[in-house]
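Both backbone and side-chain heavy atoms feed into the values below; hydrogens, waters and symmetry mates do not. A, B, ... follow the sequence lines: proteins, then strands. Residue 1 opens every chain.
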Amino acid sequence: MHIKALKGFKDILPQEAALWQHIEGRARDIFQRFGYREIKVPILEKTGLFARSIGETTDIVEKEMYSFADRNGESLTMRPEGTASVLRSFIEHNLHSERPLQKLYTMGPMFRHERPQKGRLRQFHQMSVEALGVDRPELDAEIMAMAWMLLVDLGLKVSLEINSLGCQECRPLFNKALLKFLADSKGELCPDCERRQEKNPLRVLDCKNAKCQAHYVNAPVILDYLCSDCAAHFQVVEDCLRDLNIDYKVNSFMVRGLDYYTRTTFELITHDLGAQSAVGAGGRYDGLIAQLGGPALPGIGFALGMERLVLLLTADGGEAPGDIIDIFLAALGPAAGRRAFAMLHALRLQGLRAVMDYTSRSLKSQMKQAARCGSRFTLIMGDDELSSGRAMLRDMASHEQREIELSADLRAWSKAVAEIIS
RNA sequence: GUGGGCGUAGCUCAGUAGGUUAGAGCGUCGGGUUGUGGCCCCGGAGGCCGUGGGUUCGAAACCCACCGCUCACCCCA
């Protein structure tokens with residue numbers, strides 16, 4: 001009893017797991033509508049993969065990775081995000097030669113050694129989606145539309161914020177301008193921003209300090225520095241979003257945490273998650289595949305945080321899961337119990353969800369169990385029924401009971417029962 | 001890594017001028033109905049009062065330390 005789960009690691013108990021299955025099911029359905037296929041990749045990779053993709057100087061790589069030496073001394077890491085692994089697989093198996101555009105999604109746990117808080121865990125789960133091989137802006141809009149469709153389908157209200165970070169050509173120009181602005185602002189910035197301007201200057205822009213924010217209204221805006229190609233790309237993204245009637249807001253201060261993003265970035269924002277406002281986020285990463293040793297192909301992707309989705313869906317009255325059992329066999333006495341045991345198996349072979357109680361409890365307590373497990377029907381059989389060859393089938397919702405014939409031919413009998421209660 | 005809040009039954013929580021056997025609701029098990037669930041009534045089980053130390057005749061309560069949970073900063077899905 002003293003052994004507890006690790007800090008930041010959480011059990012997902014059956015009731016909540018039902019909600020997870022619902023979310024995953026809706027996601028699979030919608031992702032498939034857009035032509036995405038599932039890919040399953042390992043949770044463990046060589047440390048270098050993440051260091052190279054996410055960025056050597058990001059917090060994730062510098063101090064949040066679960067890394068350890070394998071038995072041969074090689075450094076391995078529990079993946080802190082999904083994209084790197086999917087790209088590694090894409091490159092390793094030459095998936096670009098299978099088709100010009102690979103639309104892939106994966107779901108599973110990620111690991112970051114952070115201090116847990118609301119909506120933030122050390123093991124958390126993401127649905128990670130990637131579209132690899134095409135750099136057209138229509139694809140950017142489509143992938144945002146897909147994320148949007150899923151969230152709407154789940155009944156969530158979130159807002160979409162977009163930005164462009166430019167490319168290798170134009171981002172350096174903006175960086176230079178921003179650094180100059182920050183240098184001129186000496187003494188005006190909070191300690192956090194002083195630190196950030198050295199490590200990741202872009203990040204100062206979404207500082208929460210009100211004084212900093214007031215100061216940054218005069219900061220250079222990245223959208224003003226985009227090269228013509230990037231500006232045109234962003235323009236089409238906006239046009240496409242409008243074509244699809246998707247509400248969005250341009251937020252030129254939006255910064256993504258991973259170094260590999262280029263051009264379009266976006267976040268799906270909510271205000272019902274405490275400090276963690278992003279349920280999902282993503283963007284384009286046109287240089288990353290080449291950077292990881294693959295062909296020079298563009299890509300775009302996003303991730304949704306499962307725990308954050310679950311939080312949002314349980315906040316406003318989570319749905320109780322529906323019936324989970326079709327029929328409960330309530331047997332009285334050892335003879336009926338043995339008979340029911342075989343009947344139970346036959347019912348399951350028919351595809352029914354069927355359970356019984358093995359502890360010889362009273363009918364009353366068995367009825368209680370039947371009700372509690374959400375059983376739609378209960379079959380009651382004791383000595384009377386065994387000798388008469390008929391048992392009582394009770395509809396738990398309507399309270400109606402009817403007699404049904406028992407039979408030694410369990411196959412035929414169970415088939416008949418399946419028809420009656422379906 | 002930094003700061004705030006909180007640790008009493010499976011769950012949600014009462015219980016402090018320090019006082020004897022630590023409570024409620026919900027849940028669970030059983031009974032009321034010798035073979036019928038949800039409502040009602042009755043009863044049972046279930047607590048190192050987070051851990052260790054200190055103060056005291058006496059600590060769930062007061063003091064200290066530690067551990068855990070939680071929220072926030074940072075960062076991010």
Side-chain angles (χ1 to χ4, degrees), chain A residues 1-2 4-8 10 13 15 54 57-64 79-83 107-129 147 158 190-193 195-196 199-200 203 206-209 254-258 266-270 273-283 301-312 328 330-333 336 357 359 361-386 391-401:
Chain A
M1 291 304 262
H2 279 299
K4 296 168 60 176
L6 295 171
K7 181 199 287 286
K10 209 177 75 120
L13 301 179
Q15 193 177 346
I54 297 169
T57 63
T58 56
D59 276 15
I60 293 176
V61 171
E62 275 189 346
K63 51 193 183 193
E64 294 177 358
R79 64 178 183 198
E81 60 113 32
T83 299
M107 301 177 174
M110 311 292 164
F111 304 85
R112 293 181 199 170
H113 192 105
E114 302 181 273
R115 270 302 265 283
Q117 67 187 70
K118 191 178 179 69
R120 196 176 80 182
L121 294 166
R122 289 182 172 178
Q123 177 180 330
F124 59 103
H125 299 75
Q126 288 185 338
M127 298 191 284
S128 185
V129 180
V158 299
C190 72
D192 279 336
C193 281
R195 180 174 52 78
R196 280 188 277 241
K199 208 174 132 186
N200 188 349
R203 187 150 292 293
D206 66 357
C207 178
K208 283 168 189 158
N209 184 307
M254 189 179 80
V255 174
R256 305 275 44 259
L258 304 110
F266 61 98
E267 283 187 3
L268 294 147
I269 306 283
T270 172
L273 279 179
Q276 264 53 243
S277 56
V279 249
F302 71 92
L304 291 170
M306 282 296 295
E307 281 81 1
R308 293 181 184 180
L309 289 175
V310 168
L311 275 175
L312 288 172
F328 186 100
L332 298 163
D357 170 74
T359 57
R361 293 204 275 185
S362 69
L363 178 59
K364 177 174 175 170
S365 77
Q366 292 192 56
M367 293 297 292
K368 269 190 182 175
Q369 282 186 75
R372 189 170 47 225
C373 70
S375 183
R376 293 162 52 224
F377 290 88
T378 300
L379 186 72
I380 300 163
M381 47 187 295
D383 294 341
D384 295 351
E385 284 80 1
L386 283 188
M392 299 300 301
L393 181 68
R394 179 178 178 85
D395 182 321
M396 297 299 277
S398 70
H399 301 203
E400 285 167 14
Q401 289 189 186

Q: Take atom NZ of A:K63 and atom P of B:C74, then tell me their distance rounded to the nearest Å.
A: 12 Å

Q. Please give, in whole Å, the distance from B:C76 C1' to A:F111 CZ?
A. 16 Å

Q.
What contact category does A:A281 fall into here, base, sugar-phosphate, or nothing, at under 4.0 angstrom with non-hydrogen atoms?
A. sugar-phosphate

**Q.** Criterion side chain to side chain contact (heavy atoms under 4.5 Å, CB included) on A:E62 and A:T57, from CA distance to verdict
**A.** CA-CA 6 Å; A:E62 275 189 346; A:T57 63; 4.1 Å; yes

Q: Please determine, for B:C26, whether a Watson-Crick or G-U wobble partner exists with both distances under 3.5 Å, and give it or none.
A: B:G10

Q: Return the nearest nucleotide to the side chain of A:E64; candidates are B:C75, B:G68, B:A77.
A: B:C75

Q. With distance as the sole test, does A:R79 use its side chain to make a donor-acceptor pair with the main-chain N or O of A:P109 at under 3.5 Å?
A. yes

Q: Kindly say if A:R203 contacts the phosphate of B:C76, meaning a side-chain N or O under 4.0 Å from OP1 or OP2.
A: yes

Q: Output yes when at least one side-chain N/O atom of A:K7 is less than 4.0 Å from OP1 or OP2 of B:C69, else no.
A: yes

Q. Is A:Q401 side chain donor-acceptor paired with the B:U36 base, going by distance under 3.5 Å alone?
A. yes

Q) Just how far, in rounded Å, is C1' of B:G68 from CZ of A:R122? A) 13 Å

Q: Would you kindly give the CZ-to-C1' distance between A:R115 and B:G1, to the nearest whole Å?
A: 8 Å

Q: Round to a whole Å and report the spacing from CD of A:Q369 to C1' of B:U28.
A: 12 Å

Q: Please work out if A:Q276 contacts a base, only the sugar-phosphate, or nothing of the nucleic acid, heavy-atom cut-off 4.0 Å.
A: base

Q. Base, sugar-phosphate, or nothing: which does A:D384 touch, judged by heavy atoms less than 4.0 Å apart?
A. base

Q.
On RNA chain B, does the nearest nucleotide to A:L304 precede the nearest nucleotide to A:K118 from the 5' side, or the other way round? Give the residue.
A. A:K118

Q: Ignoring backbone atoms, test whether A:R376 places a side-chain nitrogen or oxygen under 4.0 Å from the OP1 or OP2 oxygen of B:G37.
A: no

Q: Report which part of the nucleic acid A:K364 touches: base, sugar-phosphate, or nothing (heavy-atom distance under 4.0 Å, all strands).
A: base

Q.
What contact category does A:G274 fall into here, base, sugar-phosphate, or nothing, at under 4.0 angstrom with non-hydrogen atoms?
A. sugar-phosphate

Q: Look at A:R372 and B:U28 and indicate whether a side-chain polar atom (N or O) is within less than 4.0 Å of OP1 or OP2.
A: yes

Q) Can you check the A:M254 CE to B:A77 P distance for me, whole Å? A) 11 Å

Q | A:R308 side-chain N/O to A:G280 backbone N/O, donor-acceptor pair under 3.5 Å | A | no

Q. What integer number of Å spans the P atoms of B:C66 and B:C49?
A. 22 Å

Q. Base, sugar-phosphate alone, or nothing: which one does A:L121 contact when heavy atoms must sit under 4.0 Å apart?
A. base

(Q) Taking only side-chain N and O atoms of A:Q117, does any of them lie within less than 4.0 angstrom of OP1 or OP2 on B:C71? (A) no

Q. Please give, in whole Å, the distance from B:C40 P to A:K368 NZ?
A. 12 Å

Q.
Of the listed nucleotides (B:A77, B:C74, B:G35), which one gets closest to any side-chain atom of A:A278?
A. B:A77

Q. Can you check whether A:R120 has a side-chain N or O nearer than 4.0 Å to OP1 or OP2 of B:C71?
A. no

Q: Using Watson-Crick or G-U wobble geometry with both distances below 3.5 Å, tell me the partner of B:A65, or none.
A: B:U51

Q.
Between B:C74 and A:R195, counting only base atoms on the nucleotide and side-chain atoms on the residue, is there a donor-acceptor pair under 3.5 Å?
A. no

**Q.** Integer-rounded Å distance: B:U34 C1' and A:R361 CZ
**A.** 18 Å

Q | A:R256/A:E267 ion pair, N-O < 4.0 Å | A | yes

Q: Give A:T58 one of three labels, base, sugar-phosphate or nothing, depending on what nucleic acid heavy atoms sit under 4.0 Å from its own.
A: nothing

Q: Indicate, with a heavy-atom threshold strictly under 4.0 Å, whether A:L309 touches base, sugar-phosphate, or nothing.
A: nothing

Q. Under the 3.5 Å rule, do the base of B:G35 and the side chain of A:E385 count as making a donor-acceptor pair?
A. yes

Q | Closest to side chain of A:L363, choosing from B:G35, B:C76, B:G31 | A | B:G35

Q) B:C57 pairs with which nucleotide, Watson-Crick or G-U wobble, both distances below 3.5 Å? A) B:G19

**Q.** Watson-Crick or G-U wobble partner of B:A72, both distances under 3.5 Å
**A.** B:U2

Q: Look at all strands and tell whether A:E62 reaches a base, only sugar-phosphate, or nothing, counting heavy atoms closer than 4.0 Å.
A: nothing

